[in-house]
Q: 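Can you read through this structure? Questions will come right after.
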Amino acid sequence: MAQYVFVQLCVIFVLVLEASTARLLGSQRVTSGSVDLHVDQDGSYHIDIDGVTWLESQNTFITVKHAIYARYHDSFRVVSGPVLTSGQSSRLGKYQQIDLIWEARDEALTVVGTTFQVFLDTSTIVFSMNFSDSTIRGTSQGSEDVVCTCFPSFKVSDGMTDELGFMSFGFVQAIQNIGRWSNRAKLIGSGMNSAPLMLFNRTKHSVVLSTFNEFMVNSMVHDPLGDILMFGIEGEIEEIPKGFVHQTILHFGHGIRQTALDWGGFMRRHYDLHRYNADVTLNYIGYWTDGGAYYYYNTEPNKTYEQTMLDIKANADFLGIPYKYYQIDSWWYYRGIGGNTKNWTAMPDIFPHGLSSVYRGLGRRLAAHNRCWASNTDYATQNGGKWNFIVEKEQSIPQDKEFWNYLMASSRTEWGLTMYEQDWMADEVRDMKCTLENITVARDWLLGMGYGAMMNGITLQYCDPLPRHLLQSLEIPHVTQARASIDYHPGEFPQWDIGLISILLHALDVRPFKDNFRTVSANEHHPKYKSEPNPFLQCVVSLFSMGPVAPSDKIGFTNATLLRRTMNTDGLLLQPSHPMMTVDNYILHLAYEEPSLGLPGKVWSTYSNVSGFIYGSILSLQTEENYAVYPANVDLGMIGQSVTYLDGQKDKGIIKFDVTNPLLLKRNNPGDLQLWQTAPVFKFKNESWAIMGETSKLVPFSPDRFHQMTVSREVIEIYVAIGTKETITIDVYTGTELWNMQCSRDGAGLMVMKIEGVNSYRCVSPNVDSD
């Protein structure tokens, strides 16, 4: 990243030397695939897709001493360029670059550079505004909902406003929105809520627009009056330091969901991101006490939380549920001013023998919740502590990465912290002046937290994040998951509806978390919460999200049979290859509201890919009418023939599903969801075969269970991971006959199933040559 910025500054330095002659060049044009960028000598520009103008530039401006200097006012002018150069990034490939130098008509004649980098292999444009000349003071416009600098800015061209749909990746359901761009009442994530924005046409040609760096202070603002998109620095920032660069990205692709994923891939390559993958809370089942849980601020009668947690463990052992960790929520630590955290240690009335004793009694590591730090926190030097905090009226924020190292090291060593859940993240940013006015404070807070996690092998969950927090995690590999929903309240509203936000999270390689859930609909007589009407739906969404699977039942009310469908005997979650997400055709239906376009129902999909064999899962949650779908309609990427069946009903019918044989999704409501499973058909010994997998599980052919499958002329070999004292049953469909195979082990390990014909198979150790 530092090398990239250095190269940018060197280019700007050369152009500043040229600026003394005020050399103005003609317009420049760069093409990458279907994308054409045109930049004129006055600093205006437009972007064409497939020869049609989608986006036209608007204003470019900066703020100096609280005055705006803008191209539209002729107080911010191009003095050099556009200059076209070429280069290559080791991570992102070849690019062509157009540079402009601007000069403000302020007393200092402030000089700023703008750059367009067009990457030729990916139809991607990165826009940069470079403050290489000097520090700029007095930049605040007094509101977080505006920007104090602006580049780039766009307006959808008049001819495309009715042709383009949009999807704004605002966080949680309250601010997600999909519609046609011409809708004047559209809701776009803007200002502090700014979020990646997608534009697409009826053929799913799509563009993603988002910030590209300095995510905690880099914003997009949508002006509804002019219908203009402006990218720049958040409007309360008071000073922009010399050398600061803020960047924006435009990425073009085919397919709505796929374009979002490709955009995320480009971002991850740029930041060389490799998420930490040793997260027990993502790989194994655990018990939760979060909001909505039975034991959220509620214990067993006349017992402490310490006794209650140990009782939960004893009940799980009785049921044979192998919880690998336990989550403790906000009820366990000391709070100070404003209800914020004073000291992140256990209160003695909660855990009379200490949290270390509970850790030993449970025999499992702990995931732990935290909220904003209080202004009277014991850790701040202002209050007699050892660490550098910025302290304001009710809240404070750490600015010392060694504080995080201390907090996580001591917590891991003393009581087994494995995952740190940072809640109230939006409040921490919005409620403090320093995070809104200083250009580095919010980023330093998150990087320090990430440093502490990295130094101690701890993973991080972002809870109540803004989209900018999620984007900032591109620099923080130990952020492995984020809450994708509002708080769980059994039976009150569909907080399970995370199919859209999962697209953004998966693009960033962050696992979506639906929050905890109850596994039964029986009345548990909770003093606050209702009963859960759809435990199967909650469980399905939890597993297919690939986030934590987090049951939270009262002792004696857990549906162990349902939970066993999610895991092996050791608690290892059997998940698909990627999280389940909303299909493109449903997004089209929501955007255009045309009867002949899209799919009239809330449908999500994912797949398991084992050795190139694609096993699909299709979840129909709320279909408005009976609708026939083909594999291409549900984004499964399947090639060739397959068969499908309704979960739990394979004995009632296995049907063909391919380009000529559709699947009929019947009208339904969320309470009677349809989970369809597909399996590929292949030829073996001149017959059509489909290995259906472990149909008793919600993900029948999970890569966590099935590591490899090969088909030769004489034998099918399947490498299967089996848990402790586990017997697995695999169904096989050979045209008209459905039969099964079984394989077992006493100790956990890998077995190879060698299939030579119908009802002819062997289970052998992989290191045994059975031939």
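Each residue takes its place number in the sequence, starting with 1.
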Q: Donor-acceptor pair, distance only, cut-off 3.5 Å: does the side chain of Asp584 make one with the backbone of Ile256?
A: yes
Q: Quick one: does Thr569's side chain have a donor or acceptor within less than 3.5 Å of a partner on Thr724's backbone?
A: yes
Q: Taking the side chain as C-beta and beyond, is there a heavy-atom pair between Val280 and Met419 under 4.5 Å?
A: no
Q: Report yes if the side chains of Tyr615 and Pro700 come closer than 4.5 Å at any heavy-atom pair, otherwise no.
A: no
Q: Taking the side chain from Gln575 and the backbone from Leu282, do they hold a donor-acceptor pair closer than 3.5 Å?
A: yes
Q: Looking only at atom types and distance, does a side-chain atom of Ser577 sit under 3.5 Å from a main-chain N or O of Asn609, one as donor and one as acceptor?
A: yes
Q: Heavy-atom distance under 4.5 Å between the side chains of Tyr586 and Leu500, does that happen here?
A: no
Q: Is it the case that Gln495 and Asp515 place a side-chain donor and acceptor less than 3.5 Å from each other?
A: no
Q: Write down the atom of Leu505, the atom of Ala482, and the distance for their closest heavy-atom approach.
A: CD2-CB, 4.0 Å
Q: Is it true that a side-chain atom of Ser502 and a backbone atom of Met581 form a donor plus acceptor pair closer than 3.5 Å?
A: no
Q: Closest heavy-atom contact between Phe657 and Pro631?
A: CZ-N, 3.5 Å
Q: Looking at Gln708, I'd like to know if its CD atom is crowded, meaning that more than 12 non-hydrogen atoms belonging to other residues, nucleotides or ligands lie closer than 6.0 Å.
A: yes
Q: Could you tell me whether Lys685 atom NZ has more than 12 heavy atoms of other residues or ligands within 6.0 Å of it?
A: yes
Q: Can you name the closest pair of heavy atoms from Val549 and Leu543 and give their distance?
A: CG2-CA, 3.9 Å
Q: Among side-chain atoms of Thr289 and Gln327, is any donor-acceptor pair under 3.5 angstrom?
A: yes
Q: Where do Leu261 and His506 land on the side chain to side chain contact (heavy atoms under 4.5 Å, CB included) test, with the steps shown first?
A: CA-CA 7 Å; Leu261 299 183; His506 181 47; 3.5 Å; yes
Q: Determine yes or no for a side-chain-to-main-chain donor-acceptor pair under 3.5 angstrom, with Tyr761 supplying the side chain and Gln742 the backbone.
A: yes
Q: Do Val603 and Tyr627 have side chains that approach each other closer than 4.5 Å (heavy atoms only, starting at C-beta)?
A: no
Q: State, without any angle test, whether Thr623 and Asn668 hold a side-chain donor-acceptor pair at a distance under 3.5 Å.
A: yes
Q: Is a donor from one side chain sitting under 3.5 angstrom from an acceptor on the other, for Thr122 and Arg269?
A: no
Q: Does the Lys NZ or Arg CZ of Lys514 fall within the cation-pi geometry relative to Tyr488 - under 6.0 Å from the ring centre and within 45° of the axis?
A: yes
Q: Determine the interplanar angle of the Phe706 and Phe701 rings, folded into 0 to 90°, and report it as parallel if under 30°, tilted if 30 to 60°, perpendicular if over 60°.
A: parallel
Q: Parallel, tilted or perpendicular for Trp604 and Trp496, by the 30°/60° rule?
A: tilted
Q: Is the shortest distance from a Lys or Arg side-chain nitrogen in Glu625 or Arg667 to a carboxylate oxygen in the other one below 4.0 Å?
A: no
Q: If only atom types and distance count, is the side chain of Thr644 paired as donor or acceptor with the main-chain N or O of Gln677 below 3.5 Å?
A: yes
Q: Say whether Ser521 and Glu532, considering side chains only, have a donor N or O and an acceptor N or O under 3.5 Å apart.
A: no
Q: Can you check side chain to side chain contact (heavy atoms under 4.5 Å, CB included) on Val208 and Met267, steps first, answer last?
A: CA-CA 12 Å; Val208 182; Met267 302 277 277; over 6 Å; no
Q: Check whether any side-chain N or O of Thr606 sits under 3.5 Å from a backbone N or O of His578 as a donor-acceptor pair, and report yes or no.
A: yes
Q: Between Leu619 and Phe544, does the side chain to side chain contact (heavy atoms under 4.5 Å, CB included) criterion hold? Intermediate values first, please.
A: CA-CA 10 Å; Leu619 185 60; Phe544 279 99; 5.9 Å; no
Q: Kindly compute the distance separating CD1 (Ile654) from OG1 (Thr678), expressed to the nearest 0.5 Å.
A: 12.0 Å
Q: If you count the non-hydrogen atoms of other residues, nucleotides and ligands that lie under 6.0 Å from CD1 in Ile655, is the total more than 12?
A: yes
Q: Quick one: CD1 on Ile312 to CG on Leu362, what's the gap to the nearest 0.5 Å?
A: 8.5 Å
Q: Going by side chain to side chain donor-acceptor pair (under 3.5 Å), name the residues that satisfy it together with Asn626, two or more places apart in sequence or in a different chain.
A: none
Q: Taking the side chain as every heavy atom from C-beta outward, state whether Phe169 and Met198 have any pair of such atoms under 4.5 Å apart.
A: yes
Q: Is the shortest heavy-atom distance from the side chain of Pro551 to the side chain of Ile285 under 4.5 Å?
A: yes
Q: Do Arg257 and Ser605 touch side chain to side chain, with heavy atoms closer than 4.5 Å?
A: yes
Q: Carefully, step by step, assess Phe493 and Ile486 under the rule side chain to side chain contact (heavy atoms under 4.5 Å, CB included).
A: CA-CA 10 Å; Phe493 37 78; Ile486 51 182; 3.5 Å; yes
Q: Less than 4.5 Å apart, side chain to side chain, heavy atoms only: is that true for Val510 and Tyr462?
A: no
Q: When you check the gap from the basic side-chain N to the acidic O, do Lys602 and Asp497 get nearer than 4.0 Å?
A: yes
Q: Compute whether any side-chain donor of one residue and acceptor of the other, for Thr519 and Asp553, lie under 3.5 angstrom apart.
A: yes
Q: Quick check against the 3.5 Å criterion: does Arg91 have a side-chain atom that pairs as donor or acceptor with the backbone of Phe266?
A: no
Q: Taking all atoms of both residues into account, what is the closest heavy-atom pair of Asp658 and Gly640, and its distance?
A: CB-O, 3.9 Å
Q: Any idea which heavy atoms bring Ala690 and Val643 closest together, and the distance?
A: CB-CG2, 3.9 Å
Q: Nearest 0.5 Å please: distance from the CG atom of Asn669 over to the CD atom of Glu624.
A: 10.5 Å
Q: Ignoring hydrogens, what is the shortest heavy-atom contact between Ile614 and Leu636? Give both atom names and the distance.
A: CG2-O, 3.8 Å
Q: Could you tell me the separation between the NE2 atom of His254 and the OG1 atom of Thr259, rounded to the nearest 0.5 Å?
A: 7.5 Å
Q: Any salt bridge (Lys or Arg N to Asp or Glu O under 4.0 Å) pairs touching residues 687-713, not counting sequence neighbours?
A: Glu694-Arg705, Arg705-Glu726
Q: May I ask you to decide if Met546's main-chain N or O and Arg511's side chain share a donor-acceptor pair within less than 3.5 Å?
A: yes
Q: For Asn177 and Ser168, does a side-chain donor sit closer than 3.5 Å to a side-chain acceptor?
A: no
Q: When you look at Arg364 and Thr418, which way does the side chain to side chain donor-acceptor pair (under 3.5 Å) test go after all the steps?
A: CA-CA 10 Å; Arg364 293 287 183 260; Thr418 187; over 6 Å; no
Q: Only counting residues at least two apart or in another chain, list the ones meeting side chain to side chain contact (heavy atoms under 4.5 Å, CB included) with Pro662.
A: Ala628, Tyr630
Q: Working to the nearest 0.5 Å, report the span between CH2 of Trp263 and CG of Leu508.
A: 4.5 Å
Q: Mind telling me whether Tyr326 and Tyr287 have parallel, tilted or perpendicular rings, with 30° and 60° as the class edges?
A: tilted
Q: Roughly how far apart are Met751 CE and Cys763 SG, rounded to 0.5 Å?
A: 5.5 Å
